[in-house]
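To start, the structure under review is shown below, and the notes come after it.
Computed from a predicted structure; not experimentally measured. Within every chain, numbering begins at 1; the chains are lettered A, B, ... in the order of the sequence lines, protein sequences first and strands thereafter.
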Number of protein chains: 2
Amino acid sequence: MVAQTAVHARRLVGEEFIAAGARGYHYRVLAALQEFGPASQAELGRRCRMDRSDVVVAVTELEGQGFVERAADPADRRRNTVTITRAGTQQLRRLDRTLDKVQDELLAPLSATERQTLVALLGMVVKHHGGAPTS
Amino acid sequence: MVAQTAVHARRLVGEEFIAAGARGYHYRVLAALQEFGPASQAELGRRCRMDRSDVVVAVTELEGQGFVERAADPADRRRNTVTITRAGTQQLRRLDRTLDKVQDELLAPLSATERQTLVALLGMVVKHHGGAPTS
DNA sequence: CCATATCGTTGGTGTCGCCAACGATATGGA
DNA sequence: TCCATATCGTTGGCGACACCAACGATATGG
């Protein structure tokens, strides 16, 4: 059922992301920054449904790749303001394209109408369980 | 999309399985044994799409719980023949029930017809990518 | 008889999701 | 004003899942 499909999706996405030097966490952070703008790490964790500690790691790695910037928040010195860079936006676009590709591959056996139906149904499920419908 | 839904499914299933003292690997092994009968560990790995090394661990744990039995195969001394026990069958039934419950919970926002549609579509996807339609 | 393959096992890697604890900082109420 | 409380970033750890490499033991085909 869902789990089975998820296995394939994960494997396909994983392979492609490794080739792009990224992980799921990286994509989520970049997507959240692009969509909602700069944020503190704790805020990113809430947006991406990630643990704060995992945000730390992801942001550090993204910073090392030049895809985000960390800056101390002058208004609240507990916070780091994380901002996506130009290179980060480009990386996000790249990852978005590979995700589209993978989705095409995954849903290959379905017609366009069936895909729409599937996505709509899954969207309802995710929404009901309190999820933001990202990707 | 699929990944989002999978997260919820995993979380729900995980919670219930932990309460039952089981893991996903345990369920897969028990289900394969119940459906196709006794098998060597390598054969189980193929049926469940699990790595041989992970089968070793799962079978060892299931053996410790009395849910399966390991016996040297006299016809091929490389093999262990794994057999499900009565207790194992009961455990499998328990896990099946919790899976049904979780699926109900997960697909709560969908009507009966929509559920059928969703399962059918996912079944097509899994089948296309070379999966045995278990659960 | 020997190369090759399979089997069970051990040990390791990476991703994801989560939790506990810490020091630093903000904030609200006494 | 001071102090309890909460939040933030960070470190370190754990479990589940999926995978890989290598080993000795055993089967099997040429």
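Nearer the 5' end of DNA chain D, as judged by each residue's closest nucleotide, is the contact made by E43(A), out of R11(A) and E43(A). Between R52(A) and D76(B), it is D76(B) whose nearest contact on DNA chain C lies nearer the 5' terminus. Nearest-nucleotide assignment on DNA chain C puts the 5′-proximal partner with M50(A), out of M50(A) and A75(A). Along DNA chain D, the nucleotide nearest T81(A) and the nucleotide nearest H26(B) are compared for position; the residue whose nucleotide lies closer to the 5' end is T81(A).
Distance CG (L44(B)) to C1' (dC7(C)): 13 Å, rounded to an integer number of Å. Put simply, CD1 on I18(B) is 13 Å from C1' on dC17(D), counting in whole angstrom units. Spacing between atom CD of E16(B) and atom P of dA16(D) amounts to 16 Å, rounded to whole angstrom units. In this structure, R23(A) places its CZ atom 20 Å from P of dC17(D), rounding to the nearest Å. Residue E15(A) contributes atom CD, which lies 14 Å from atom C1' of dG14(C) at whole-angstrom precision. Between R78(A) atom CZ and dC8(D) atom P the separation is 6 Å, expressed in whole Å. Atom-to-atom, CG of D51(A) to C1' of dA20(C) comes out at 10 Å; the value is rounded to the nearest Å. Separating the CG atom of N80(B) from the C1' atom of dA27(D) is a distance of 15 Å, rounded to the nearest angstrom.
The shortest heavy-atom contact between A20(B) and Q91(B) is O-NE2, 3.5 Å. The two residues H128(B) and P109(A) make their nearest non-hydrogen contact at CB-CG, 3.4 Å.
We find that E43(B) and R47(B) are joined by a salt bridge, their nearest charged nitrogen and carboxylate oxygen being less than 4.0 Å apart.
A close approach under 4.0 Å does occur between a side-chain nitrogen or oxygen of R79(A) and OP1 or OP2 of dC8(D). Contact check, R10(A) against dG14(C): no side-chain N or O comes under 4.0 Å of OP1 or OP2.
At a cut-off of 3.5 angstrom, counting only N and O atoms as typed in the model, there is a donor on one side and an acceptor on the other between the side-chain of S53(B) and the base of dG11(C). Side-chain to base pairing of D54(B) with dC17(D): no donor and acceptor N or O lie closer than 3.5 Å to each other. With hydrogens and angles left out, the side chain of R77(A) and the base of dT25(C) share no donor-acceptor pair within 3.5 Å.
Under the Watson-Crick or G-U wobble criterion, with both distances below 3.5 Å, dG30(D) is paired with dC1(C). For dT1(D), the paired base is dA30(C) (Watson-Crick or G-U wobble, both distances below 3.5 Å). Remark: dA25(D) base-pairs with dT6(C); criterion is Watson-Crick or G-U wobble with both hydrogen-bond distances under 3.5 Å.
In this structure the side chain of Y25(B) never reaches within 4.5 angstrom of the side chain of V55(B), judged on heavy atoms.
Side chain to side chain, R115(A) and Q103(A) fail the donor-acceptor criterion of an N or O pair below 3.5 Å.
The neighbour count for E63(A) CD, taken as heavy atoms of other residues, nucleotides or ligands under 6.0 Å away, is above 12.
Residue contacts for G24(B): at a heavy-atom cut-off of 4.0 Å it reaches the sugar-phosphate backbone alone, with no base atom in range.
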